[in-house]
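Order of appearance sets the numbers: ligands from 1, and atoms from 1 within every ligand. None of these values were measured; they are calculated from a predicted model.
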Amino acid sequence: MEELKILPQCQHSCSWLKDKLTWYKKQDFWNTQKLHLGSILAQENFKAEPSDLMLCSLPKSGTTWVKALSFAILTRQQFDESTTPLRTTFPHDVIPSIEEDLEKINKVNRNELTSSAPLMMSSHLPYTCLPESVISSNCKIIYIYRNVKDVIVSHYHFLREIFKVAIEEAPFDDAFEEFCEGISLYGPYWNHILGYWKASLERPGRILFLKYEDLKRDPTASVKTLAEFLGNRFSDEEVGKGVVESIIKLCSFEKMKNLDVNKTGLRHNRERKFYFRKGKDGDWENYFTREMKEKIDGIIHEKLISSGVDLVVT
Ligand code: PAP
(Lines give C-alpha, C1' and ligand atoms only; values in the text may rest on other atoms or scores of the structure.)
Protein backbone atom coordinates (compact mmCIF):
# COMPACT_ATOMS: atom_id res chain seq x y z
CA MET A 1 0.00 0.00 0.00
CA GLU A 2 3.03 2.22 -0.25
CA GLU A 3 1.56 3.90 -3.26
CA LEU A 4 -1.26 5.30 -1.17
CA LYS A 5 1.20 7.55 0.57
CA ILE A 6 2.05 9.31 -2.65
CA LEU A 7 0.71 12.80 -2.52
CA PRO A 8 -1.15 14.04 -5.53
CA GLN A 9 1.21 15.94 -7.78
CA CYS A 10 -1.35 18.69 -8.16
CA GLN A 11 -5.00 19.06 -7.56
CA HIS A 12 -7.25 20.68 -10.09
CA SER A 13 -10.31 22.23 -8.59
CA CYS A 14 -13.01 21.78 -11.19
CA SER A 15 -14.93 25.01 -11.22
CA TRP A 16 -18.30 23.45 -10.56
CA LEU A 17 -17.45 20.14 -9.00
CA LYS A 18 -17.75 19.76 -5.28
CA ASP A 19 -15.23 16.99 -5.30
CA LYS A 20 -11.86 17.18 -6.97
CA LEU A 21 -10.27 15.11 -9.63
CA THR A 22 -6.66 14.44 -8.89
CA TRP A 23 -3.76 13.89 -11.24
CA TYR A 24 -1.94 10.82 -9.97
CA LYS A 25 1.52 11.29 -11.32
CA LYS A 26 2.75 7.75 -10.93
CA GLN A 27 -0.43 6.30 -12.40
CA ASP A 28 -0.48 8.96 -15.09
CA PHE A 29 -4.21 9.64 -15.13
CA TRP A 30 -6.94 11.69 -13.46
CA ASN A 31 -9.19 10.09 -10.90
CA THR A 32 -11.24 10.61 -7.77
CA GLN A 33 -9.50 9.63 -4.57
CA LYS A 34 -11.93 6.78 -3.94
CA LEU A 35 -11.46 5.25 -7.37
CA HIS A 36 -7.72 5.76 -7.06
CA LEU A 37 -7.71 3.62 -3.94
CA GLY A 38 -9.74 0.94 -5.75
CA SER A 39 -7.33 1.09 -8.66
CA ILE A 40 -4.34 0.41 -6.43
CA LEU A 41 -6.11 -2.43 -4.64
CA ALA A 42 -6.92 -3.99 -8.02
CA GLN A 43 -3.34 -3.58 -9.22
CA GLU A 44 -2.02 -5.26 -6.10
CA ASN A 45 -4.58 -7.99 -5.59
CA PHE A 46 -6.37 -8.93 -8.78
CA LYS A 47 -5.09 -12.11 -10.39
CA ALA A 48 -6.23 -12.70 -13.94
CA GLU A 49 -6.26 -16.09 -15.62
CA PRO A 50 -5.72 -16.65 -19.35
CA SER A 51 -9.40 -17.59 -19.84
CA ASP A 52 -10.70 -14.41 -18.19
CA LEU A 53 -12.39 -11.78 -20.30
CA MET A 54 -11.83 -8.10 -19.57
CA LEU A 55 -14.12 -5.32 -20.71
CA CYS A 56 -12.10 -2.10 -20.72
CA SER A 57 -13.23 1.43 -21.46
CA LEU A 58 -13.20 5.05 -20.55
CA PRO A 59 -16.22 5.97 -18.45
CA LYS A 60 -19.32 6.91 -20.45
CA SER A 61 -18.32 5.00 -23.57
CA GLY A 62 -20.96 2.25 -23.44
CA THR A 63 -19.68 -0.02 -20.65
CA THR A 64 -23.11 -0.70 -19.13
CA TRP A 65 -24.55 -1.65 -22.52
CA VAL A 66 -21.69 -3.99 -23.43
CA LYS A 67 -21.87 -5.60 -19.99
CA ALA A 68 -25.53 -6.41 -20.55
CA LEU A 69 -24.88 -7.70 -24.07
CA SER A 70 -21.88 -9.81 -23.06
CA PHE A 71 -23.70 -11.34 -20.13
CA ALA A 72 -26.74 -12.14 -22.29
CA ILE A 73 -24.50 -13.71 -24.94
CA LEU A 74 -22.46 -15.78 -22.47
CA THR A 75 -25.47 -17.07 -20.54
CA ARG A 76 -27.98 -17.60 -23.35
CA GLN A 77 -27.89 -21.39 -22.96
CA GLN A 78 -28.87 -21.04 -19.28
CA PHE A 79 -31.42 -18.26 -19.43
CA ASP A 80 -33.96 -16.89 -21.82
CA GLU A 81 -35.55 -13.46 -21.96
CA SER A 82 -37.95 -14.21 -19.13
CA THR A 83 -35.44 -15.82 -16.76
CA THR A 84 -32.28 -13.78 -17.34
CA PRO A 85 -30.81 -12.19 -14.20
CA LEU A 86 -30.57 -8.97 -16.24
CA ARG A 87 -34.24 -8.36 -15.47
CA THR A 88 -33.46 -8.04 -11.78
CA THR A 89 -29.73 -7.27 -11.60
CA PHE A 90 -27.89 -4.11 -12.55
CA PRO A 91 -25.49 -4.82 -15.48
CA HIS A 92 -22.52 -3.64 -13.38
CA ASP A 93 -23.36 -6.33 -10.85
CA VAL A 94 -23.39 -9.22 -13.33
CA ILE A 95 -20.01 -8.15 -14.67
CA PRO A 96 -18.09 -6.57 -11.79
CA SER A 97 -15.38 -3.95 -11.96
CA ILE A 98 -11.91 -4.83 -10.71
CA GLU A 99 -11.50 -1.33 -9.24
CA GLU A 100 -14.87 -1.25 -7.51
CA ASP A 101 -15.91 -4.84 -6.80
CA LEU A 102 -12.67 -6.65 -6.07
CA GLU A 103 -13.95 -8.25 -2.90
CA LYS A 104 -16.84 -9.78 -4.80
CA ILE A 105 -14.58 -10.99 -7.61
CA ASN A 106 -12.18 -12.61 -5.17
CA LYS A 107 -15.04 -14.54 -3.61
CA VAL A 108 -15.69 -16.35 -6.87
CA ASN A 109 -14.21 -19.77 -6.64
CA ARG A 110 -13.16 -20.41 -10.19
CA ASN A 111 -13.08 -24.20 -9.68
CA GLU A 112 -16.66 -24.24 -8.56
CA LEU A 113 -18.06 -22.35 -11.50
CA THR A 114 -20.74 -24.63 -12.80
CA SER A 115 -21.11 -23.17 -16.25
CA SER A 116 -18.35 -23.26 -18.80
CA ALA A 117 -18.65 -19.51 -19.14
CA PRO A 118 -15.37 -17.69 -18.54
CA LEU A 119 -15.17 -15.06 -15.87
CA MET A 120 -15.79 -11.57 -17.22
CA MET A 121 -14.82 -8.37 -15.45
CA SER A 122 -14.43 -4.75 -16.33
CA SER A 123 -11.88 -2.00 -15.81
CA HIS A 124 -11.59 1.69 -16.58
CA LEU A 125 -7.85 1.60 -15.97
CA PRO A 126 -5.53 2.72 -18.74
CA TYR A 127 -3.75 -0.25 -20.33
CA THR A 128 -0.41 0.46 -18.70
CA CYS A 129 -2.08 0.58 -15.26
CA LEU A 130 -3.89 -2.76 -15.52
CA PRO A 131 -2.85 -5.38 -12.96
CA GLU A 132 0.29 -7.10 -14.17
CA SER A 133 -1.49 -10.47 -14.41
CA VAL A 134 -3.92 -9.10 -17.01
CA ILE A 135 -0.97 -8.37 -19.26
CA SER A 136 1.05 -11.50 -18.49
CA SER A 137 -1.93 -13.86 -18.78
CA ASN A 138 -2.66 -12.42 -22.24
CA CYS A 139 -6.39 -12.64 -21.50
CA LYS A 140 -8.79 -11.25 -24.06
CA ILE A 141 -9.83 -7.61 -23.83
CA ILE A 142 -12.90 -5.96 -25.31
CA TYR A 143 -12.40 -2.21 -25.59
CA ILE A 144 -15.57 -0.18 -26.05
CA TYR A 145 -15.02 3.37 -27.25
CA ARG A 146 -17.24 6.23 -28.30
CA ASN A 147 -17.22 9.51 -30.19
CA VAL A 148 -15.26 11.86 -27.94
CA LYS A 149 -17.90 14.59 -28.24
CA ASP A 150 -20.66 12.38 -26.87
CA VAL A 151 -18.29 11.15 -24.15
CA ILE A 152 -17.72 14.79 -23.13
CA VAL A 153 -21.47 15.44 -22.84
CA SER A 154 -22.20 12.18 -21.04
CA HIS A 155 -19.22 12.65 -18.66
CA TYR A 156 -20.40 16.20 -17.89
CA HIS A 157 -23.91 15.12 -16.93
CA PHE A 158 -22.77 12.04 -15.02
CA LEU A 159 -20.30 13.95 -12.83
CA ARG A 160 -22.79 16.75 -12.34
CA GLU A 161 -25.42 14.23 -11.24
CA ILE A 162 -23.23 12.17 -8.92
CA PHE A 163 -21.82 15.27 -7.26
CA LYS A 164 -25.28 16.84 -7.19
CA VAL A 165 -24.38 20.06 -8.98
CA ALA A 166 -27.31 21.89 -10.56
CA ILE A 167 -27.12 22.67 -14.27
CA GLU A 168 -27.11 26.42 -13.54
CA GLU A 169 -23.97 26.02 -11.44
CA ALA A 170 -22.23 23.83 -13.95
CA PRO A 171 -21.41 25.59 -17.20
CA PHE A 172 -20.87 23.06 -19.97
CA ASP A 173 -18.15 25.32 -21.39
CA ASP A 174 -16.01 24.77 -18.28
CA ALA A 175 -16.40 21.02 -18.48
CA PHE A 176 -15.49 21.14 -22.16
CA GLU A 177 -12.35 23.19 -21.54
CA GLU A 178 -11.26 20.89 -18.75
CA PHE A 179 -11.77 17.83 -20.91
CA CYS A 180 -9.65 19.47 -23.61
CA GLU A 181 -6.91 19.94 -21.00
CA GLY A 182 -7.08 16.20 -20.45
CA ILE A 183 -9.02 16.41 -17.18
CA SER A 184 -11.59 13.61 -17.04
CA LEU A 185 -12.11 10.40 -15.11
CA TYR A 186 -9.29 8.01 -16.05
CA GLY A 187 -8.28 10.57 -18.66
CA PRO A 188 -6.86 12.12 -20.70
CA TYR A 189 -9.25 10.45 -23.14
CA TRP A 190 -6.60 10.26 -25.88
CA ASN A 191 -3.94 8.63 -23.68
CA HIS A 192 -6.42 5.90 -22.74
CA ILE A 193 -7.29 5.09 -26.33
CA LEU A 194 -3.68 5.32 -27.47
CA GLY A 195 -2.58 2.87 -24.77
CA TYR A 196 -5.06 0.19 -25.83
CA TRP A 197 -4.34 0.86 -29.48
CA LYS A 198 -0.61 0.31 -29.00
CA ALA A 199 -1.32 -2.82 -26.94
CA SER A 200 -3.51 -4.21 -29.73
CA LEU A 201 -0.55 -3.98 -32.10
CA GLU A 202 1.58 -5.94 -29.64
CA ARG A 203 -1.17 -8.48 -28.87
CA PRO A 204 -2.74 -9.31 -32.23
CA GLY A 205 -6.15 -10.96 -31.95
CA ARG A 206 -6.40 -10.38 -28.18
CA ILE A 207 -8.03 -6.93 -28.12
CA LEU A 208 -11.35 -6.25 -29.82
CA PHE A 209 -12.29 -2.62 -30.44
CA LEU A 210 -16.04 -2.07 -30.42
CA LYS A 211 -17.50 1.30 -31.23
CA TYR A 212 -20.66 2.60 -29.53
CA GLU A 213 -21.85 4.21 -32.75
CA ASP A 214 -21.38 0.93 -34.69
CA LEU A 215 -23.44 -0.88 -32.05
CA LYS A 216 -26.16 1.71 -32.57
CA ARG A 217 -25.98 1.65 -36.37
CA ASP A 218 -25.74 -2.11 -36.92
CA PRO A 219 -26.27 -3.94 -33.64
CA THR A 220 -26.63 -7.34 -35.32
CA ALA A 221 -23.16 -7.20 -36.88
CA SER A 222 -21.54 -5.84 -33.69
CA VAL A 223 -23.23 -8.39 -31.44
CA LYS A 224 -22.15 -11.25 -33.71
CA THR A 225 -18.58 -9.93 -33.66
CA LEU A 226 -18.71 -9.64 -29.88
CA ALA A 227 -20.04 -13.20 -29.48
CA GLU A 228 -17.35 -14.58 -31.75
CA PHE A 229 -14.63 -12.80 -29.77
CA LEU A 230 -16.12 -14.01 -26.48
CA GLY A 231 -15.68 -17.52 -27.87
CA ASN A 232 -19.41 -18.08 -28.03
CA ARG A 233 -20.51 -17.49 -31.62
CA PHE A 234 -24.13 -17.82 -32.64
CA SER A 235 -25.00 -20.98 -34.55
CA ASP A 236 -26.95 -20.73 -37.81
CA GLU A 237 -29.88 -22.24 -35.97
CA GLU A 238 -29.77 -19.53 -33.31
CA VAL A 239 -29.52 -16.83 -35.96
CA GLY A 240 -32.50 -18.37 -37.76
CA LYS A 241 -34.52 -18.41 -34.53
CA GLY A 242 -33.85 -14.70 -33.92
CA VAL A 243 -31.68 -15.17 -30.82
CA VAL A 244 -29.38 -12.28 -31.81
CA GLU A 245 -32.31 -9.89 -32.21
CA SER A 246 -33.85 -10.92 -28.90
CA ILE A 247 -30.56 -10.23 -27.08
CA ILE A 248 -30.34 -6.82 -28.78
CA LYS A 249 -33.91 -6.05 -27.72
CA LEU A 250 -33.34 -7.23 -24.15
CA CYS A 251 -30.29 -4.98 -23.81
CA SER A 252 -31.72 -1.99 -25.66
CA PHE A 253 -31.57 1.37 -23.96
CA GLU A 254 -35.36 1.66 -23.67
CA LYS A 255 -35.71 -1.79 -22.14
CA MET A 256 -32.79 -1.43 -19.71
CA LYS A 257 -33.64 2.11 -18.63
CA ASN A 258 -37.17 1.10 -17.71
CA LEU A 259 -36.36 -1.96 -15.60
CA ASP A 260 -37.06 -1.32 -11.93
CA VAL A 261 -33.61 -2.52 -10.94
CA ASN A 262 -32.01 0.13 -13.17
CA LYS A 263 -34.39 2.92 -12.17
CA THR A 264 -33.87 2.54 -8.45
CA GLY A 265 -31.10 1.82 -5.99
CA LEU A 266 -27.45 2.66 -5.80
CA ARG A 267 -24.16 1.47 -7.17
CA HIS A 268 -21.50 2.44 -4.66
CA ASN A 269 -23.54 5.50 -3.59
CA ARG A 270 -24.34 6.52 -7.16
CA GLU A 271 -27.90 6.30 -8.34
CA ARG A 272 -28.20 3.54 -10.94
CA LYS A 273 -30.51 5.65 -13.06
CA PHE A 274 -27.58 7.97 -13.84
CA TYR A 275 -26.12 5.18 -15.98
CA PHE A 276 -29.07 5.53 -18.37
CA ARG A 277 -29.44 9.10 -19.58
CA LYS A 278 -30.28 9.51 -23.29
CA GLY A 279 -28.46 6.61 -24.91
CA LYS A 280 -28.16 8.49 -28.20
CA ASP A 281 -25.50 8.90 -30.82
CA GLY A 282 -24.95 12.60 -31.58
CA ASP A 283 -26.35 14.38 -28.52
CA TRP A 284 -23.19 16.53 -28.64
CA GLU A 285 -24.76 18.59 -31.42
CA ASN A 286 -27.08 20.10 -28.80
CA TYR A 287 -24.08 21.38 -26.81
CA PHE A 288 -21.15 22.20 -29.07
CA THR A 289 -20.47 25.46 -30.86
CA ARG A 290 -18.56 25.35 -34.14
CA GLU A 291 -15.43 26.50 -32.28
CA MET A 292 -15.73 23.68 -29.75
CA LYS A 293 -16.11 21.12 -32.52
CA GLU A 294 -13.03 22.44 -34.30
CA LYS A 295 -11.03 22.55 -31.09
CA ILE A 296 -11.68 18.94 -30.06
CA ASP A 297 -11.31 17.66 -33.64
CA GLY A 298 -7.89 19.37 -33.73
CA ILE A 299 -6.83 17.80 -30.43
CA ILE A 300 -7.89 14.34 -31.55
CA HIS A 301 -6.03 14.80 -34.80
CA GLU A 302 -2.88 15.83 -33.00
CA LYS A 303 -3.02 13.23 -30.23
CA LEU A 304 -4.44 10.19 -32.00
CA ILE A 305 -4.56 10.41 -35.79
CA SER A 306 -0.98 11.71 -36.00
CA SER A 307 0.09 8.79 -33.82
CA GLY A 308 -1.35 6.36 -36.33
CA VAL A 309 -4.45 5.35 -34.37
CA ASP A 310 -6.85 3.93 -36.91
CA LEU A 311 -10.06 4.55 -34.93
CA VAL A 312 -12.57 7.25 -35.80
CA VAL A 313 -13.57 9.05 -32.59
CA THR A 314 -14.84 12.39 -33.87
P1 PAP B 1 -19.79 3.89 -17.07
O2 PAP B 1 -18.49 3.80 -17.78
O3 PAP B 1 -19.80 4.90 -15.97
O4 PAP B 1 -20.30 2.55 -16.68
P5 PAP B 1 -21.15 3.86 -19.54
O6 PAP B 1 -22.13 2.77 -19.42
O7 PAP B 1 -19.89 3.55 -20.27
O8 PAP B 1 -20.82 4.48 -18.14
O9 PAP B 1 -21.81 5.09 -20.29
C10 PAP B 1 -23.07 5.56 -20.02
C11 PAP B 1 -23.64 6.00 -21.35
O12 PAP B 1 -24.14 4.86 -22.06
C13 PAP B 1 -24.83 6.93 -21.18
O14 PAP B 1 -24.81 7.77 -22.35
P15 PAP B 1 -25.54 9.17 -22.40
O16 PAP B 1 -25.12 9.96 -21.21
O17 PAP B 1 -25.08 9.80 -23.68
O18 PAP B 1 -26.98 8.89 -22.44
C19 PAP B 1 -25.98 5.94 -21.18
O20 PAP B 1 -27.22 6.52 -21.45
C21 PAP B 1 -25.53 5.01 -22.28
N22 PAP B 1 -26.19 3.70 -22.19
C23 PAP B 1 -26.41 2.95 -21.08
N24 PAP B 1 -27.04 1.81 -21.41
C25 PAP B 1 -27.24 1.84 -22.75
C26 PAP B 1 -27.86 0.95 -23.68
N27 PAP B 1 -28.42 -0.19 -23.27
N28 PAP B 1 -27.87 1.30 -24.98
C29 PAP B 1 -27.31 2.46 -25.40
N30 PAP B 1 -26.71 3.35 -24.57
C31 PAP B 1 -26.67 3.04 -23.26
Side-chain angles (χ1 to χ4, degrees), residues 21 29-32 34-35 38-39 54-73 84 86-87 89-101 120-126 142-163 167 172 175 179 184-187 189 192-193 210-220 222-223 226 246-259 261-263 266-288 313:
L21 290 184
F29 64 88
W30 291 91
N31 213 342
T32 63
K34 189 164 175 228
L35 289 171
S39 302
M54 294 293 303
L55 171 63
C56 298
S57 59
L58 274 159
K60 316 334 289 174
S61 299
T63 326
T64 315
W65 190 10
V66 178
K67 282 190 178 189
L69 287 168
S70 303
F71 182 81
I73 291 168
T84 178
L86 284 170
R87 293 174 68 91
T89 318
F90 185 51
H92 283 280
D93 290 333
V94 293
I95 294 183
S97 146
I98 62 169
E99 297 95 82
E100 299 206 72
D101 309 303
M120 187 159 177
M121 290 140 298
S122 73
S123 177
H124 282 320
L125 289 168
I142 297 112
Y143 188 79
I144 174 81
Y145 66 103
R146 186 181 187 186
N147 182 327
V148 64
K149 301 185 189 92
D150 279 328
V151 170
I152 294 175
V153 173
S154 186
H155 180 264
Y156 161 71
H157 283 296
F158 185 71
L159 291 188
R160 207 179 48 63
E161 300 276 23
I162 62 172
F163 292 123
I167 281 200
F172 176 72
F179 200 100
S184 61
L185 270 175
Y186 298 92
Y189 172 96
H192 206 276
I193 296 208
L210 267 188
K211 187 174 179 183
Y212 182 94
E213 290 74 18
D214 288 343
L215 261 170
K216 277 268 164 202
R217 192 178 38 81
D218 188 351
T220 305
S222 296
V223 166
L226 175 60
S246 66
I247 286 179
I248 291 168
K249 202 168 141 210
L250 170 74
C251 301
S252 69
F253 180 76
E254 291 68 29
K255 183 95 184 171
M256 288 273 131
K257 184 184 170 85
N258 289 310
L259 288 172
V261 64
N262 297 332
K263 283 197 284 195
L266 303 174
R267 177 195 186 209
H268 300 299
N269 292 326
R270 282 165 247 138
E271 291 189 53
R272 291 182 188 145
K273 66 178 184 197
F274 296 153
Y275 289 82
F276 303 89
R277 193 184 62 93
K278 280 195 182 171
K280 287 207 159 51
D281 161 17
D283 190 32
W284 66 269
E285 298 201 39
N286 298 316
Y287 292 81
F288 279 56
V313 300

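The aromatic rings of Phe172 and Phe288 lie tilted to each other, with the angle between the two planes from 30° to 60°. Relative ring orientation between Tyr156 and Tyr287 is described as perpendicular, the plane-to-plane angle rising above 60° on a 0-90° scale split at 30° and 60°.
Residue-level contacts of ligand 1 at the 4.0 Å heavy-atom threshold are Pro59, Lys60, Ser61, Gly62, Thr63, Thr64, Trp65, His92, His124, Arg146, Ser154, Tyr212, Cys251, Ser252, Phe253, Tyr275, Phe276, Arg277, Lys278, Gly279.
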Go through it in stages, so that I can follow the logic: the residues are Arg277 and Glu161, the test is salt bridge (charged side-chain N to carboxylate O under 4.0 Å, His left out), and I'd like the CA-CA distance, side-chain angles, deciding distance and then a yes or no. CA-CA 11 Å; Arg277 193 184 62 93; Glu161 300 276 23; over 6 Å; no
Is there a salt bridge (charged side-chain N to carboxylate O under 4.0 Å, His left out) between Lys278 and Asp283? Walk through the geometry before answering. CA-CA 8 Å; Lys278 280 195 182 171; Asp283 190 32; 2.9 Å; yes
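Listed here is the closest heavy atom pair of Ala72 and Cys251: CB-SG, 4.1 Å.
The backbone N or O of Lys257 sits nowhere less than 3.5 Å from a side-chain atom of Asn262 that would complete a donor-acceptor pair.
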